Amino acid sequence: MTTSTPTPITVVLADDQRLVRAGFRSILDDEDDIEVVGEASNGTEAVQLARELLPDVVLMDIRMPEEDGLAATRRIIEDERLSGVKVVILTTFDMDDYVYSALHAGASGFLVKDTEPMELLHGIRVCARGDALIAPKVTRRLIAEFANRVRHPDPSPRLNTLTEREREVLGLVGAGLTNDEIARRLVLSPATAKTHVSRIMSKLGARDRTQLVITAYESGMITPGWLS
């Protein structure tokens with residue numbers, strides 16, 4: 001009996017520093033379930049490779065020549081042909097303002113450049129399967145900080161399409177809970193929690209859980225620290 005080999009997660013590396021790309025490639029190439037299929041030195045090349053290769057994930061630096069990562073992220077997210085491509089932003093702590101803009105533009109998450117190899121691999125795998133890279137504590141702290149900047153919450157009319165249960169689930173997603181955690185808190189099966197999240201994403205036109213987090217904060221539905 002033969003077993004089929006799982007299709008690897010395909011990744012495009014976008015960073016203007018060759019040594020940085022080489023460092024990430026050396027980490028990713030050691031993994032059987034991840035394959036680096038292309039490298040870009042600027043945002044324009046990243047968008048071009050995304051269109052040509054349709055990778056699962058683009059690991060995107062922000063500061064690059066010609067076209068930065070933020071502009072490239074917007075172009076990828078706005079291209080309907082690239083709906084299956086997830087963007088993970090690479091950043092440093094002194095660029096926090098850019099992080100929020102990138103998440104708002106549709107990035108699925110972000111990692112700091114000095115992250116540990118295991119966290120990098122985890123982040124790529126998480127985003128590739130459509131989840132938000134929200135679990136690391138640093139990510140939760142940063143999103144909470146940015147949420148505090150929303151002076152005037154602007155509830156989207158689309159929230160009116162959600163049922164009371166779906167609004168409750170959205171709030172828990174915004175707090176960074178996984179489907180299993182949501183299921184335990186609401187006394188649901190994990191499958192039911194997953195179904196609720198999928199329906200919410202469909203109703204709100206969200207690409208992934210990250211967009212649900214941003215919506216929950218910007219609408220004023222939740223505020224940092226509301227969930228004990």
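What you see is a predicted model, and the numbers here were worked out from it, not measured in a lab.
A 4.5 Å side-chain heavy-atom check between V20 and D61 finds every atom pair outside the cut-off. Proximity of L159 to L162: side-chain heavy atoms (C-beta onward) are separated by under 4.5 Å at one or more points. Between I89 and T73 there is a side-chain heavy-atom pair separated by less than 4.5 Å. Here the side chains of P55 and L49 are not in contact, with every heavy-atom distance at 4.5 Å or above. For the pair L59 and L120, the minimum side-chain heavy-atom distance is below 4.5 Å. Put simply, the side chain of D180 reaches to within 4.5 Å of the side chain of P190, judged on heavy atoms.
Applying side-chain contact (heavy atoms from CB on, under 4.5 Å) to V36 and the options I27, V12, L28 leaves one that passes, L28.
A side-chain donor-acceptor contact under 3.5 Å links E67 and T44. Side-chain contact annotation: D56 with T10, donor-acceptor N/O pair under 3.5 Å present.
Between atom CD1 of residue I34 and atom CZ of residue R25 there is a gap of 12.5 Å, rounded to the nearest 0.5 Å. Between the NZ atom in K86 and the CE atom in M60 there is a gap of 14.0 Å [rounded to 0.5 Å]. A distance of 7.5 Å separates CG in L111 from CD1 in I124, rounded to the nearest 0.5 Å. Separating the OG atom in S41 from the CG atom in L13 is a distance of 12.0 Å, to the nearest 0.5 Å. Here CZ of R63 is found 14.0 Å from CG of L90. Values are rounded to the nearest 0.5 Å. Going from atom CG of L204 over to atom CZ of R199 covers 14.0 Å, rounded to the nearest 0.5 Å.
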>> Quick one, D16 with N42, criterion side-chain contact (heavy atoms from CB on, under 4.5 Å). Give me CA distance, side-chain angles, the key distance, then yes/no.
In response: CA-CA 6 Å; D16 62 321; N42 58 59; over 6 Å; no
>> Apply salt bridge (Lys or Arg N to Asp or Glu O under 4.0 Å) to residues R167 and E164 and explain how you reach the verdict.
In response: CA-CA 5 Å; R167 292 173 69 90; E164 182 176 350; over 6 Å; no
> Taking it one step at a time, do V173 and I200 satisfy side-chain contact (heavy atoms from CB on, under 4.5 Å)?
Replying inline: CA-CA 10 Å; V173 170; I200 295 168; 5.8 Å; no
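Salt bridge annotation for E31-R125: present, with a cationic side-chain nitrogen under 4.0 angstrom from a carboxylate oxygen. The residues R51 and D79 are annotated as salt-bridged, a charged nitrogen and a carboxylate oxygen being separated by less than 4.0 angstrom.
Using a distance-only test at 3.5 Å, with no hydrogens or angles considered, no donor-acceptor pair links the side chain of T192 to the main chain of L188. No donor-acceptor pair closer than 3.5 Å links the side chain of E119 to the backbone N or O of E116. In this structure, the side chain of S202 does not engage the main chain of S198 through any donor-acceptor pair within 3.5 Å. Side chain of T195 to backbone of A191: a donor-acceptor contact under 3.5 angstrom is found.
Under the 4.5 Å side-chain heavy-atom criterion for Ile, Leu, Val, Met, Phe, Trp and Tyr, I182 and V187 are members of distinct hydrophobic clusters. Tracing side-chain contacts under 4.5 Å through hydrophobic residues (I, L, V, M, F, W, Y), one never reaches L19 starting from V11; they form parts of separate clusters.
Atom CG of D29 has more than 12 neighbouring heavy atoms from other residues, nucleotides or ligands inside a 6.0 Å radius. Environment of CZ in R75: crowded, with over 12 heavy atoms of neighbouring residues, nucleotides or ligands closer than 6.0 Å.
The two atoms that bring A14 and A46 nearest to each other are CB-CB, 3.8 Å, heavy atoms only. Nearest approach of G106 to I77, heavy atoms of both residues: O-CD1, 3.4 Å.
Contacts of K203 classified as side chain to side chain donor-acceptor pair (under 3.5 Å), with partners at least two apart in sequence or in another chain: E166.
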